[in-house]
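Let me begin by presenting the structure, written as C-alpha cells, before commenting on it.
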Amino acid sequence: MSVSANRHERGRPIISRHAAIEPTSHAEIKLICGLNVPGAVSGGSAANFFVSFLRFVVNFTPPIGMKDERKTLEQREQMTDLERLRHSASHVLATAILKIWPEAQFAAGPPVENGFYYDVDLPHRISPDDFEKIEAEMKKEIKANHPFERIEVSRDEALQLGKKGRLAGLGERAEPSKFKLDIIENIPPDEKISLYRNGDFIDLCAGPHVMRTGNIGAFKLTTVASAYYKGDEKNPQLQRVYGTAFKTKKELDDYFAMLEEAKKRDHRKLGKELELFVLDDDVGPGLPMFLPRGAAIAEELEKLAKETEFAAGYQRVRTPDIARESLYKKSGHLPYYAESMFPPMELEDKLPSLSRPAGFQPAEEEGGQAARAPSQAGSLTSDRYYLRAMNCPHHHKLFAALPRSYRELPLRLAEYGTDYRYEKSGELFGLMRVRSLHMNDAHIYCTPEQFADEFNAVNEMYLKYFKLFGIEKYLMRFSTHDPARLGQKFVDEPELWRQTEEMTRNVLKNSGINYVEVPNEAAFYGPKIDVQVWSVIGREFTLATNQVDFAQPRRLELVYKDRDNTGKTPICIHRAPLGTHERFIGFLIEHYAGNFPLWLSPEQVRILTIGDDAKLIEYARSIVRELRAHQVRAEIDDSSDKINGKVQRAEQLKVHTMFVIGKRDLDADAVSVRVHGRGNLGAKPRSESIAEILQAIKERRP
RNA sequence: GCCGACGUAGCUCAGCUGGUAGAGCAGCGGUUUCGUAAACCGCAGGUCACGGGUUCGAAUCCCGUCGUCGGCUCCA
C-alpha cells in the first residue's frame, strides 16, 4: 500500500476543518480519538449507554464539506439548545477565570462535541488543581443568574473596546484584548459585530446564547490542554480549558457514567486483561508484541484474508522488510515520506578505517534528519537501507521481474506485509497508531478496461468483511483531484484522472455504498477511497484505504505487452480491506468489547473438570485432543480450584465456550456447555457439542 | 514534535506536610474434591521508570531523560 503524498506536498500536513474529513491514507491513518458521545442522550443508566450510543452512531452524519470559512450567522442560529448552553458555559468559564486572574487574555470559546472550551493566554499554568476554585466562581456566576445581553456595536466601537482590554474582560484593562482585536480584523466588513454581556463580563461574540446564566444546569471542568491560536503552530500556544455542561445534573452524571463504560471497552485495557498484546519500553514505543492469545486473532484474520483473496484470484508473494534507498528514490516515495520512515541503516563495509563502537549509534547529531538526508559522502562507498514503510515498491518490482503480457492481467499480488513507520511520538496510541504494522496489502495491476470490474470487486470484498464483522456504520470517502492543480499537487494526466474518477464514481454509485466525495484530497498518483469506521465506543478512524495509482507504475517503468504488441503501463490498485493487524485488532477488541465470536476467540473452548479423578482428567484430555485435532484452540483447567473458581477465571478471560465435566458427564459421554455471556446451557452429548463447535467456527458465525 | 498530567510487586491500587515500602488478586508450596462467577493456610515477590541534585535522611522536594495518557480541527 502506498502513501498519499498530499500531506507533505506543501511542506506541512494539510489539515481539513473537521476530523471526519481529514485527509488520510492507510499509511498515515490519523486516529481521531475522543468520544463522540451524543450530547443529547436522554436519561438512562450506563446500562443503556450502548443503545443510546448506537442510536447516535446510526443517526450521526459527519459534517462533510465544512470548509475553511468562518461559521456564518445562519449556521450559528442553527446551534442546538445544548450547544447554546455550552457556548454560554464557556463565557461563564471565562468570567470565572477573570475573577481569579484579571490579566487573562481570551481567544476562542466555542461549544464542541462533548462540551466546550475556552482558549486562554495566562502566565499562571492552569492545572486541574485550579478547577475547584474556577468552578466555584462559575457557580457564583450561574447563581447570580445574569441575563446574556446582546449588544450590537460598530466596528470602531468594537476596536475601541478591544484596545482598552474590555473585550473578554470584566472591565477596562491596561493590556488590549489582543486576540479579540485580531478576530475583529477577520470579520467580513458587511457583517454586524455584536457583544454579549453577562454581569461584568463582556465578550466579542456572535452568539447565540441561553437567556440567563442560570440556564446552565450542570457543568464540570474536565481537562486542560494546550492549543495553538487558530490551530497554527506558528501562533502562540494557549491553554485550553475544557468542560462539559448539560441542562440537568442527571444528564451530566449519565455522561460521566458513559465515559466509565467506554473505558471498560478500551482496547488498551482489554488487551492487558485478556493477555492479547504488550508494549515494552525496551522493545520500543509503538512496537506492540502479540501474546499467544492476540496472535491467535491475527492468525484468524490472516486465514480469512488468504481464503478470501485466493478465491478472488489473488496470488500470494513474500518480500523483504527492507530495501535499498534506490528503490524508494525510483518509486518517488523518498522525498514525500522520508520523515515518516525510520532513519536508514548505513552499510559502510567498504570503508578502510572503520572504528565503529560495538553499540553503533546512527548519526543523530543534527536532529536526526541528517541521517535521513541523501548521502553527501561522495568519496565513500556507502549503501543505505531503509526499513520499509509500505509494500508497493517491492510488489512493483515483482511485477517487473517477469515479462508481462496483457493475458496475465489483472495480476493481483497479495502479502501480509510488515511495515515500519516512524510516527511522531505524540501520535502513538495503543494498537491504533503504531510504528510496526502488518498490512493486509495487495496490488492489482490491470488495464484501463479491467479497472471498473477490479475496483468493484475490491469494494465487494470490503462489504463482505463489514457484514462478517457486523460493521454497520462505515463511510467511504472518495477523494478526487482538482483539475486546477494538475502538475502540482496531482500528476498531470487529465484524461486518466477523468477516466479513473468517473469509473470509481460509477462503481460506488452502482453498488449502493455509503460514500461521500471529497474534492482535492486525492493521492498525488490517483483518486482514493478511505474507509472510515466508528468503534462502538465512538472512536472514529480510517480502517482501510483503496487507492488508484497510475503514476508509480510509470515511474518504475512497469510495462505489459498489449494485443497490438506495444508496451503499455498498467493501472495499479492498492487495497487493504482489513487494514493492519494492529489497528484492526484494536478495533475488534472495542467492537466486541473483548467478547469475540467463536471463530476469533483466542481460547475457543476450555474444559473445566469437577474434581481431579484420574478417569475424569483423561476424559477431559481426550476432548482437548479431539478439538485440537480439528484446529480448535482448546485448553483444560484441571487445577485444584473449585468449579466456581474455574468458571470465574474462564469468564473473566472471556473464554468463548466452557465444557464443564464431572462424573455425571463422564458416565454419559457428555459435556455441560457454558457459553460466555449466556451462562449454563445444560448437558449435551460430547460428539454433538464438538460438531456444533466445528460448524460454528467453519461458518465464522457471529 | 509541542503543552499538560501521570509512572510504587505480573495486575489493580494505598503510602499525609521527607523518617526502615503496604493490601487484594495473580504466582509458588501445602491442605481441600468442589456441579456453573473466587475453598483454606502458608511462602515468596519492589534500586518506588531511569539519571543527577537538595538533605543527617528522598517513593515523597528540585532538575534532566525515557515511557504512558489527554490535548494540539471546528474561531468572536
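Proteins come first, then strands; the chains are lettered A, B, ... in the order of their sequence lines, and each starts at number 1.
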task = Tell me what A/Phe179 touches on the nucleic acid: a base, only sugar-phosphate, or nothing, going by heavy atoms under 4.0 Å.
result = nothing

query = Does the side chain of A/Val673 come within less than 4.5 Å of A/Met658's, by heavy atoms?
reply = no

inquiry  = In this structure, how many angstroms lie between the C1' atom of B/C75 and the CG atom of A/Leu195, rounded?
reply    = 16 Å

query = Taking the side chain of A/His676 as heavy atoms from C-beta outward, which of B/C72, B/A37, B/U68 is closest to it?
reply = B/A37

message = Applying a 4.0 Å non-hydrogen cut-off, can you work out what A/Ser640 is touching in the nucleic acid: base, sugar-phosphate, or nothing?
response = base

query = Does B/G71 have OP1 or OP2 sitting under 4.0 Å from an N or O in the side chain of A/Tyr117?
reply = no

message = Going by purine N1 to pyrimidine N3 plus the second Watson-Crick contact, or the G-U wobble pair, all under 3.5 Å, which nucleotide sits opposite B/G4?
response = B/C69

inquiry  = Do A/Asp121 and A/Gln239 have side chains that approach each other closer than 4.5 Å (heavy atoms only, starting at C-beta)?
reply    = no

Separation of the C1' atoms in B/C28 and B/G7, to the nearest angstrom = 28 Å

inquiry  = Using heavy-atom distances to pick each residue's nearest nucleotide on RNA chain B, tell me which of A/Gly286 and A/Gln239 is more 5'.
reply    = A/Gln239

message = Measure CD/A/Glu83 against P/B/C75 and give the value in whole Å, please.
response = 11 Å

query = Is the shortest side-chain N to carboxylate O distance from A/Arg268 to A/Asp266 below 4.0 Å?
reply = yes

query = Contact class for A/Gly284 (heavy atom, under 4.0 Å): base, sugar-phosphate, or nothing?
reply = nothing

ask   = What about A/Asp665, does its side chain sit under 3.5 Å from the base of B/G35 through a donor-acceptor pair?
value = yes

query = Does A/Asp638 come within less than 4.0 Å of A/Arg621, counting only side-chain N to carboxylate O?
reply = yes

query = Salt bridge check: are A/Lys646 and A/Asp641 linked by an N-O gap of less than 4.0 Å?
reply = no

query = Which is true for A/Ser672 with a 4.0 Å heavy-atom rule: it touches a base, it touches only sugar-phosphate, or it touches nothing?
reply = base

Polar side-chain contact A/Arg649-B/A26 base: donor and acceptor under 3.5 Å = no

task = Measure from NZ or CZ of A/Arg150 to the centre of the six-membered ring of A/Tyr196 and say whether it is under 6.0 Å with the direction within 45° of the ring axis.
result = no

Separation of atom CG in A/Leu653 from atom P in B/G10, rounded to whole Å = 19 Å

task = Indicate yes or no: does A/Arg674 engage A/Glu651 in a salt bridge with an N to O separation below 4.0 Å.
result = yes

request  = Report which part of the nucleic acid A/Arg674 touches: base, sugar-phosphate, or nothing (heavy-atom distance under 4.0 Å, all strands).
outcome  = base

Gap between atoms CG and C1', on A/Leu279 and B/A49 respectively (whole Å) = 16 Å

ask   = Are the side chains of A/Arg421 and A/Leu437 in touch, meaning some heavy atoms are under 4.5 Å apart?
value = yes

ask   = For B/C75, does either OP1 or OP2 sit under 4.0 Å from a side-chain N or O belonging to A/Lys180?
value = no

Note: A/Glu427-A/Arg433 ion pair, threshold 4.0 Å (strictly below) = yes

message = At 4.0 Å (heavy atoms only), tell me whether A/Lys272 reaches a base, stays on the sugar-phosphate, or touches nothing.
response = sugar-phosphate

inquiry  = Pick the closest RNA chain B nucleotide for A/Ala227 and for A/Asn680 by heavy atoms, then say which residue is nearer the 5' end.
reply    = A/Asn680

remark   = Within residues 159-170 of chain A, those residues having any heavy atom closer than 4.0 Å to RNA chain B are none

request  = Rounded to the nearest angstrom, tell me the gap between atom OH in A/Tyr229 and atom P in B/U73.
outcome  = 14 Å

request  = Name the nucleic acid region contacted by A/Asp613, choosing base, sugar-phosphate or nothing; use a 4.0 angstrom heavy-atom cut-off, strictly under.
outcome  = nothing

task = Please say whether the positively charged group of A/Arg435, taken as NZ for Lys or CZ for Arg, lies over the ring of A/Tyr422, i.e. under 6.0 angstrom from the six-membered ring centre and within 45 degrees of the axis.
result = yes

query = Ignoring hydrogens and angles, are the base of B/G70 and the side chain of A/Thr223 linked by a donor-acceptor pair under 3.5 Å?
reply = no

query = Stepwise, does the ring pair (Phe, Tyr, Trp, His ring centres under 6.0 Å) test hold for A/Phe116 with A/His87?
reply = CA-CA 7 Å; A/Phe116 61 88; A/His87 183 197; 9.9 Å; no

note = Checking N1-N3 plus N6-O4 or O6-N4 for Watson-Crick, or N1-O2 and O6-N3 for wobble, each under 3.5 Å, the partner of B/G24 is B/C11

query = Does A/Arg268 have a side-chain nitrogen or oxygen under 4.0 Å from the phosphate oxygens OP1 or OP2 of B/G70?
reply = yes

ask   = Is A/Asp612 touching bases, backbone alone, or none of the nucleic acid, heavy atoms closer than 4.0 Å?
value = base

message = If the cut-off is 4.0 Å, is A/Asn644 near the phosphate of B/A38, judged by side-chain N/O to OP1 or OP2?
response = no

key: Residue pairs passing the side chain to side chain donor-acceptor pair (under 3.5 Å) test where at least one lies in residues 279-293 of chain A, sequence neighbours excluded   = A/Arg293-A/Glu603

Taking only nitrogen or oxygen atoms into account, show me every contact under 3.5 Å that the protein makes with nucleotides 4-6 of chain B, one pair per line with its distance.
{"unit_1": "B/G4", "atom_1": "OP1", "unit_2": "A/Arg125", "atom_2": "NE", "d": "3.2"}

note = If pairing means Watson-Crick or G-U wobble with both distances under 3.5 Å, then the partner of B/C56 is B/G19

request  = Give none if B/U31 has no partner; otherwise give the nucleotide forming a Watson-Crick or G-U wobble pair with it, both distances under 3.5 Å.
outcome  = B/A39

inquiry  = Please classify the nucleic acid contact of A/Gly662 as base, sugar-phosphate, or nothing, using heavy-atom distances under 4.0 Å.
reply    = base

